[in-house]
Participant: 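Please read through the structure below; I'll follow up with questions.
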Amino acid sequence: MNGPEPELIATLRAAFGPQPRRFAIAVSGGGDSVALLHLCCRAFPPATFRAVTVDHGLREGSAREAAMVADLARAAGVRHDVLRWSGWDGQGNLQDAARRARYGLMRDWAHGQGIATLATAHTADDQAETLLMRLARESGVDGLSAMAPRRNLGGITLLRPLLGVTRTTLRAVLRDSGLPWAEDPGNEDATFARVRARRVLADLAPLGITAPGLARVAAQMREAREALELQTEAAARRIATLDGGDILLQRAGFHALPAEIARRLMAGAIRWVGDATHPPRRAPLLALVRSPEGTLGGCRILPDGADIRITREHGAVRDLRSPVSDLWDGRWRLHGPAGPGLVAGALGPGGLVQIADWRGSGRPRAALLAGPAVWRGGTLVAAPLAEPGRDWQAERIGGLAGFFASLLSH
């Protein structure tokens, strides 16, 4: 071996850590992913990993590219699967829909194969382009930290071992090895923001602004993000408590926090209570930090004595029903005597009027309306948050420790 290959193999091994027992790599047929396949074959025994290709079927040639990957994998002794997507309905953002479908298919496939780690071939160029696009959206520290080297993808570890490596370096490896790859015509389509960012990046090179340099900036932003998250978690441990499924923040302690920590803590509480995937919108979030009363992200924020209460908004769960044996609202586990026709749903106004002394729970009406209840038809069977101590109990999955953990990147 010569050229950059030995150093890249060392980079791969360092990214994976101890010799991985079993993992998978995503190989589209493009140059970056074919290089990842080649380097993994040099770094690890081919029997320890598998390759997977998602064929979106959205353009002519995608099936040929999947077949090319299959040939390369077969020649290297690597097992290979092709996953096909046919879910595009012509509505919305095609690139975003395809990306979500791709990761969803690969996640489900990995679970089915008992694979815990999936590696992708994102490069320093991808990282730099992402940072530029987020600059255009005026992102803060979190956005400018761009792509993380690893993240949780629905229980699968998504690993990006080549984030510090340029496309040029990977193409050199492919040429030295005589390996083919496919070029996606979409990479030249300037209607896509990423393509425009790529062209701008080339124009910035005379200023000394390069893909590796921007990738290092993203890494520094990620270090800053991790430090801020630790400070936010520490603040939460000082001033946050759990009441039912609600987060209570000591009002005086919250307003004494630095603005960035207060913003992160409020955003984290809203995401956790609302079981949301994405953070709340920045402008209304900042308004709530200044004056903590209102609705956002499927939650209600309201004053509660010396505290600020973040509770679920009734409108977000009003029509949600599930068997009592299932998680309700993705957050609640109900425990009680089994019986026919029992379902879990929000207490709501119709349930609240069936409780003689709901004020005895000590919880405000808004919090109880969105709380879990047990129903048989239109008859309320139990409302654990409004009538504690009865036959049924409601367990908030994760508890306070889960909230603290949610404030940190994983």
Participant: To the nearest 0.5 Å, how far apart are CG in Leu214 and CE in Met221?
Facilitator: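 Result: 11.5 Å between the selected atoms.
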Participant: CD1 of Ile209 to CG of Leu204: how many Å apart, nearest 0.5 Å?
Facilitator: 4.5 Å
Participant: Over all heavy atoms of both residues, which pair between Leu342 and Pro337 is shortest? Give the atoms and the distance, please.
Facilitator: CD1-O, 3.8 Å
Participant: Can you pull the salt bridge (charged side-chain N to carboxylate O under 4.0 Å, His left out) pairs that have at least one residue in residues 289-300, sequence neighbours excluded?
Facilitator: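 The answer is none; no pair qualifies.
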Participant: Sequence neighbours excluded, which residues qualify as side chain to side chain donor-acceptor pair (under 3.5 Å) partners of Trp358?
Facilitator: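 By the side chain to side chain donor-acceptor pair (under 3.5 Å) rule, Trp358 matches no residue at all.
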Participant: Are any of the side-chain nitrogens in Asp329 or Arg331 under 4.0 Å away from the carboxylate oxygens of its partner?
Facilitator: yes
Participant: Which residues pass the side chain to side chain contact (heavy atoms under 4.5 Å, CB included) test with Arg79, sequence neighbours left out?
Facilitator: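 With sequence neighbours excluded, Arg79 shows a side chain to side chain contact (heavy atoms under 4.5 Å, CB included) to Arg50, given in chain and number order.
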Participant: Are any non-hydrogen side-chain atoms of Leu230 and Leu408 less than 4.5 angstrom apart?
Facilitator: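 A side-chain contact under 4.5 Å exists here.
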Participant: Should the pair Arg251-Asp304 be classified as a salt bridge under the 4.0 Å nitrogen-to-oxygen rule?
Facilitator: no
Participant: Under the criterion side chain to side chain donor-acceptor pair (under 3.5 Å), I'd like the reasoning laid out for Ser33 against Ser28: C-alpha separation, chi angles, the key distance, then a yes or no.
Facilitator: CA-CA 6 Å; Ser33 63; Ser28 66; 3.2 Å; yes
Participant: Which pairs with one or both residues in residues 373-386 pass side-chain hydrogen bond (donor to acceptor under 3.5 Å, both in side chains), sequence neighbours excluded?
Facilitator: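 Listed by first then second residue: nothing to list.
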Participant: Run the numbers on Asp125 and Thr166 for side chain to side chain donor-acceptor pair (under 3.5 Å), then give the verdict.
Facilitator: CA-CA 6 Å; Asp125 299 79; Thr166 65; 4.8 Å; no
Participant: Using a strict cut-off of less than 4.0 Å between a Lys/Arg side-chain nitrogen and an Asp/Glu carboxylate oxygen, indicate whether Asp246 and Arg312 qualify as a salt bridge.
Facilitator: no
Participant: Please evaluate residues Trp109 and Asp81 with respect to the criterion side chain to side chain donor-acceptor pair (under 3.5 Å), reporting the C-alpha separation (whole Å), side-chain torsions for both, the decisive distance (0.1 Å), and the verdict.
Facilitator: CA-CA 9 Å; Trp109 171 85; Asp81 288 330; 2.9 Å; yes
Participant: Are the side chains of Arg171 and Asp32 in contact, using a 4.5 Å heavy-atom criterion?
Facilitator: yes
Participant: Assess whether atom CD of Glu7 is packed by more than 12 heavy atoms of other residues, nucleotides or ligands within 6.0 Å.
Facilitator: no
Participant: Check for a donor-acceptor pair, side chain of Thr232 on one end and backbone N or O of Leu228 on the other, with a separation under 3.5 Å.
Facilitator: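 Between the backbone of Leu228 and the side chain of Thr232 there is a qualifying donor-acceptor contact (under 3.5 Å).
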Participant: With no hydrogens and no angle check, is any side-chain donor or acceptor of His111 less than 3.5 Å from a backbone partner on Gly154?
Facilitator: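 At least one qualifying donor-acceptor pair exists.
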Participant: Determine the minimum heavy-atom distance between Leu12 and Cys40, stating which atoms define it.
Facilitator: CD1-N, 3.7 Å
Participant: With rounding to the nearest 0.5 angstrom, report the CD1 to CE distance, Ile25 to Met106.
Facilitator: 11.5 Å
Participant: Going through the distances and angles, do Asp126 and Arg160 end up as a salt bridge (Lys or Arg N to Asp or Glu O under 4.0 Å)?
Facilitator: CA-CA 11 Å; Asp126 294 311; Arg160 300 180 176 112; over 6 Å; no
Participant: Mind checking what makes ring-ring contact (aromatic ring centres under 6.0 Å, His included) contact with Phe44, not counting sequence neighbours?
Facilitator: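 In terms of ring-ring contact (aromatic ring centres under 6.0 Å, His included), with neighbours along the sequence ignored, Phe44 is linked to Phe16, Phe23.
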Participant: So among Asp391, Val374, Val343, Val324, which one has a side-chain contact (heavy atoms from CB on, under 4.5 Å) with Val381?
Facilitator: Val374
Participant: Sequence neighbours left out, what passes ring-ring contact (aromatic ring centres under 6.0 Å, His included) with Tyr103? Give chain and number order.
Facilitator: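 Listed in chain order: nothing, the list is empty.
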Participant: Quick one, Glu395 with His335, criterion side chain to side chain donor-acceptor pair (under 3.5 Å). Give me CA distance, side-chain angles, the key distance, then yes/no.
Facilitator: CA-CA 8 Å; Glu395 173 194 2; His335 306 278; 2.9 Å; yes
Participant: Between Glu223 and Arg216 (salt bridge meaning N to carboxylate O under 4.0 Å), is one present in this structure?
Facilitator: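 Judged by the 4.0 Å cut-off on N to carboxylate O distance, Glu223 and Arg216 do not form a salt bridge.
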Participant: Are the charged groups of Arg222 and Glu226 less than 4.0 angstrom apart, N to O?
Facilitator: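 No, Arg222 and Glu226 are not salt-bridged.
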